[in-house]
Amino acid sequence: MDKRQIKRFLVSFFPFLVFLISVASPSGDYVFRSVQPASLQPSPPPYVAFRNGTFYLYSSPFGTWRYPGLISVSVNGPLIYINSDCPFGLPTYLRGPGGYELDVFVPPGYQGTCRAELLYGSWSAEYVFKVREVDWYPGVDVRAAVVLNGSGWQFLQLAPDGALYAWGVEIGQLPFSGCVVERGGVLAITQQMPYTELAPGVLVNGSPMWVPYPQSGTSLASFLLDLRGNGTFYLYPAPCLKVEAPPAPAVDPIAEASANDIGLMGAPTPAAYVLARPKLAVAYRIEGPVATVVAANGSSIADRIYIYGFGLPVDMHMLLYYIYFTPTAYLTSDLVLFGSKPPAGRLGPFWAFPGNGTTYYYLGPMEPYLRNAPLPFGAPRGWAGPFIVVADGTGRWGGLPQVVSVAVERLGPWS
Amino acid sequence: MELTPLLAGLVWGLALSVARQWAEQKAAGRADRSELFPDRDVVIAFIVLGTTANVYSALLIASGAPQVYARPSALVALALVTASQLLIFLMALRPSRLDLDLALAASAPYVYLAALWIAAQALGAYTLWLF
């Protein structure tokens, strides 16, 4: 073969080299680009450590721990493959060009080490995920450890500003609000109960009259705890869990009011001393797994009464009522606030009225209601309340719980 | 393989090969062209394939803009491709006895890209532009 033949062969062959590169490259035509197939930006939350391509993640026994946007991927090429042995719900490929925020979903209780590799042709980037389980609700990095002292079931409510109410009475202030409550490794069922002001802008004994009302802006997270002495619960500032549970049994506030003479009004007239029972009608009801509220209101000869029956699934219930004294022509009038018999004893600030299997504990406002003339003249006027009646069928209820301590705990990186 | 740059290059290559036929005819007059230009079969094929390869690689390199212009190896490739295409123009419009050597010289960018590709495979790099 002479030189000319070799030249003829080479000249025929060389132009195919360009197409051979294009076809034979693992990344195809992308070998002609100089920008990386993908640029990666890990953005771990403060409680996740990230060093040398390794994420130190948490998993939770309570649910899937979601890390939104843990890795920002800007795909420059046409495609990035993700090869992973992690059960984190990562996509298998990302189409480009475009930006992606990779969310990592760590399944409940997952522990171990796994890796995810981003591939395009001969280019690759690898991340290692080390996961440790922690007794913590997923997705939040702070919680409040609250120690309560009390006995029996307690109906607790948490206002958006962190005020903690038990049976409608404020017992403490927590540093933040939330709707997830854990106690002893178990999540309590919580219910967001819509509240509104009964008369906007009116203060009774220095506080507004908050009452349950459907479709209101303010919500109180309500839950039940069974206390025996000191009990710790953890509050997480997380949205409520969806609970599929039957609604709590309803109480009939009209029957309760009638049986306990709530709102029974007496007034002297020239002819006789008139005793009038309020005529009550159910206004609305709010059903939920923790408490079913039945609201009833009605009027008597000299007042209007707003009564809310909280039915609980633990053989207890609560009545909360406000009374508005309408202007009246009667010179004096008397109101029966609860029961017609004298109370049998006291339990803290509550008066105890033992009944047939159920003990009623009554708590009225600590200040007398206003009158339009000094005693013994005149008639009551304005708003009075809140009157709280706790009906205990369990026999274990020991009064309002006390907040022993509140501590804020923060989740830090574990490595 | 990208179809659009491939077809664009092929159209240009065919046009240049027609131009080469016309230039050969003009140079040879009534003489036998295959005797005057003994390598005209290979050279016409090279004009078509070389133009296709040049247009294809130039468009692919330019599609990596602007980052690719920061790589000297890519700029060298672009310069070689441009020079190669000028040589092909020369071959198409001025047929001569040096056609085979000119075609060999015009193959420089392909050899350069192939060398870069082999090096990139050896280094595990995702791109041809190693420097």
Side-chain angles (χ1 to χ4, degrees), chain A residues 1-41 53 73-83 93-99 117-126, chain B residues 1-2 5-6 9 13 38-39 41-43 45-54 56-71 73-74 77 81 84 99-104 106-118 120-121 123-129:
Chain A
M1 229 192 321
D2 62 352
K3 253 167 106 177
R4 179 164 162 265
Q5 290 293 83
I6 295 171
K7 279 184 189 171
R8 281 176 65 95
F9 169 73
L10 290 177
V11 160
S12 315
F13 168 71
F14 279 153
F16 288 104
L17 284 175
V18 171
F19 310 116
L20 281 178
I21 289 169
S22 201
V23 170
S25 298
S27 49
D29 291 324
Y30 203 76
V31 290
F32 290 98
R33 312 274 170 90
S34 82
V35 65
Q36 297 248 334
S39 22
L40 306 164
Q41 183 60 51
V73 184
S74 168
V75 181
N76 307 314
L79 200 65
I80 289 287
Y81 293 99
I82 298 177
N83 179 19
Y93 64 87
L94 301 174
R95 285 211 167 278
E117 199 179 10
L118 285 84
L119 296 167
Y120 186 73
S122 51
W123 177 88
S124 77
E126 193 188 54
Chain B
M1 293 287 284
E2 297 285 326
L6 192 70
D39 297 312
D41 51 346
V42 173
V43 167
F46 180 80
I47 286 171
V48 176
L49 290 173
T51 307
T52 312
N54 281 344
Y56 186 79
S57 52
L59 287 176
L60 283 193
I61 293 167
S63 75
Q67 293 92 342
V68 77
Y69 297 139
R71 311 294 298 170
S73 51
V81 163
S84 158
D99 280 343
L100 205 55
D101 298 308
L102 284 178
L104 212 51
S107 302
Y110 320 136
V111 178
Y112 171 70
L113 288 176
L116 278 179
W117 184 70
I118 290 165
Q121 293 308 301
L123 294 174
Y126 68 93
T127 177
L128 286 179
W129 316 126

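Chain letters run A, B, ... following the sequence lines, proteins first, then strands; residues in each count from 1.
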Drop me the distance from A/F14's CZ to B/L113's CG, to the nearest 0.5 angstrom.
12.0 Å

Taken in chain and number order and not counting sequence neighbours, the residues that satisfy ring pair (Phe, Tyr, Trp, His ring centres under 6.0 Å) with A/Y81 are none

Could you state the interatomic distance from CG (B/L100) to CZ (A/R8), rounded to the nearest 0.5 Å?
7.5 Å

So which part of A/F13 gets closer than 4.5 Å to some heavy atom of chain B, the side chain, the backbone, both or neither?
neither

With a 4.5 Å cut-off on heavy-atom pairs, point out which of B/V43, B/I61, B/V111 contacts chain A the most.
B/V111

Quick one: CZ on A/R4 to CG on B/D101, what's the gap to the nearest 0.5 Å?
11.0 Å

Residue among A/L20, A/L17, A/V11 with most heavy-atom pairs under 4.5 Å to chain B:
A/V11

If the test is side chain to side chain contact (heavy atoms under 4.5 Å, CB included), which one of B/L116, B/L128, B/T127, B/L60 qualifies with A/V31?
B/L128

A side-chain contact here means heavy atoms from C-beta on lying under 4.5 Å apart; do A/R33 and B/Y126 qualify?
no

Quick check on the interface: out of B/S63, B/A103, B/S84, B/P109, who has the most heavy-atom pairs with chain A under 4.5 Å?
B/S63

Side chain, backbone, both or neither: which part of B/A125 has an atom under 4.5 Å from a heavy atom of chain A?
backbone

Interface check, chain A: of B/L6, B/D41, B/T51, most non-hydrogen pairs under 4.5 Å belong to B/D41

Taking A/N76, A/I21, A/V18 one by one, which has the highest count of heavy-atom pairs under 4.5 Å against chain B?
A/I21

If the condition is side-chain contact (heavy atoms from CB on, under 4.5 Å), which residues does A/N83 pass it with, not counting sequence neighbours?
A/E117, A/L119

Most contact-rich option vs chain A, by heavy-atom pairs under 4.5 angstrom, among B/A120, B/A53, B/S73, is B/A53

Looking only at A/F16, A/W123, A/F9, A/F19, the option with the highest number of non-hydrogen pairs under 4.5 Å against chain B is A/F19

